[in-house]
Undergrad: 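Can you keep this structure in mind? I'll have questions shortly.
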Amino acid sequence: MKFLTTSAILVVLCLAVCLGCAPNQSPDQLREKTAEATSTLKRDTKAVAEGVKEGLSSNSKSTIDLNKASKDDLSALPGISARTADRIIAERPYASTHQLVTRHLLSEDAYAQIQDRVTVVH
């Protein structure tokens, strides 16, 4: 966010300098163009910030159901190989996600990497 704020300030300053160097413009015209540029910059910065916020809170790391996930879905999880995905599928159904550990399919460390990305729907 500091980078965006710093970038925004630099853009406004560059615009002000460029507009200030334009020949034959009255101070009112300069103020108007600077206000327009600042308004556009605020709008664009807000849109970028909202996009970043949406990206961070989106379901890009959506949860997958252990009882229904395909081999490809499971293999896409960090630390899950195709072989492990096959073993997870073979051990279905699951009552809880922690059964991956209790059934000795994953170590506690491997489970910790994916626990927020898997679920069990009853």
Side-chain angles (χ1 to χ4, degrees):
M1 284 312 275
K2 285 184 179 182
F3 177 75
L4 288 175
T5 305
T6 305
S7 298
I9 291 170
L10 287 174
V11 171
V12 169
L13 289 175
C14 289
L15 286 172
V17 169
C18 291
L19 292 175
C21 296
N24 301 326
Q25 290 187 342
S26 71
D28 290 336
Q29 289 173 324
L30 289 174
R31 274 192 290 275
E32 184 178 322
K33 286 188 177 188
T34 303
E36 287 174 15
T38 302
S39 174
T40 301
L41 183 65
K42 282 182 181 180
R43 183 187 69 239
D44 292 347
T45 302
K46 183 177 179 182
V48 168
E50 288 175 2
V52 168
K53 182 179 175 183
E54 182 179 320
L56 291 173
S57 65
S58 74
N59 290 332
S60 60
K61 292 184 178 180
S62 62
T63 58
I64 61 170
D65 183 359
L66 290 177
N67 291 324
K68 295 179 183 175
S70 68
K71 179 178 179 178
D72 290 337
D73 291 338
L74 292 168
S75 297
L77 294 169
I80 304 297
S81 65
R83 182 171 179 253
T84 304
D86 285 336
R87 291 180 60 212
I88 291 170
I89 291 170
E91 290 287 330
R92 286 177 177 162
Y94 297 95
S96 75
T97 59
H98 198 264
Q99 284 183 325
L100 293 172
V101 176
T102 59
R103 294 181 185 183
H104 305 288
L105 298 169
L106 297 179
S107 67
E108 282 288 347
D109 291 337
Y111 176 71
Q113 290 181 340
I114 67 164
Q115 69 182 359
D116 60 336
R117 297 183 61 185
V118 293
T119 188
V120 172
V121 178
H122 300 282

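Any value given below was found using the heavy atoms of this structure, including those in side chains, with hydrogens, waters and symmetry copies removed. Throughout, numbering of the chain's residues begins at 1 and tracks the sequence. Predicted, not measured: the structure shown is a model, and the values here were computed from it.
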Undergrad: I'd like to check the salt bridge (Lys or Arg N to Asp or Glu O under 4.0 Å) partners of K68; sequence neighbours left out, ordered by chain and number.
TA: none
Undergrad: List for me each residue that meets side chain to side chain donor-acceptor pair (under 3.5 Å) alongside D73, sequence neighbours excluded, and say none if there are none.
TA: S70
Undergrad: Taking only residues two or more places apart in sequence or in another chain, which ones pass side chain to side chain donor-acceptor pair (under 3.5 Å) with T119?
TA: none
Undergrad: Under the side chain to side chain donor-acceptor pair (under 3.5 Å) rule, collect the residues that match up with S81, sequence neighbours excluded.
TA: T84
Undergrad: Not counting sequence neighbours, which residues clear salt bridge (Lys or Arg N to Asp or Glu O under 4.0 Å) with D28? List them please.
TA: R31
Undergrad: Quick one, S39 with E36, criterion side-chain contact (heavy atoms from CB on, under 4.5 Å). Give me CA distance, side-chain angles, the key distance, then yes/no.
TA: CA-CA 5 Å; S39 174; E36 287 174 15; 5.7 Å; no
Undergrad: Supply the members, apart from I64, of the Ile/Leu/Val/Met/Phe/Trp/Tyr cluster built from side-chain contacts under 4.5 Å; use none for a lone residue.
TA: L66, L74, L77, I80, I88, I89, Y94, L100, V101, L105, L106, Y111, I114, V118, V120
Undergrad: Sequence neighbours excluded, which residues qualify as salt bridge (Lys or Arg N to Asp or Glu O under 4.0 Å) partners of D65?
TA: none
Undergrad: How would you list, by chain and number, every residue that makes a side-chain contact (heavy atoms from CB on, under 4.5 Å) with A95, sequence neighbours excluded?
TA: Q99, H122
Undergrad: I'd like to check E108 versus H98 (side-chain heavy atoms, cut-off strictly below 4.5 Å). Are they in contact?
TA: yes
Undergrad: Enumerate the salt bridge (Lys or Arg N to Asp or Glu O under 4.0 Å) contacts for residues 37-48, please, sequence neighbours excluded, ordered by first and then second residue.
TA: none
Undergrad: Once rounded to the nearest 0.5 Å, what's the spacing between atom OG1 of T63 and atom CZ of R117?
TA: 10.0 Å
Undergrad: For A82, which residues count as a side-chain contact (heavy atoms from CB on, under 4.5 Å) partner, sequence neighbours excluded?
TA: K71, S75
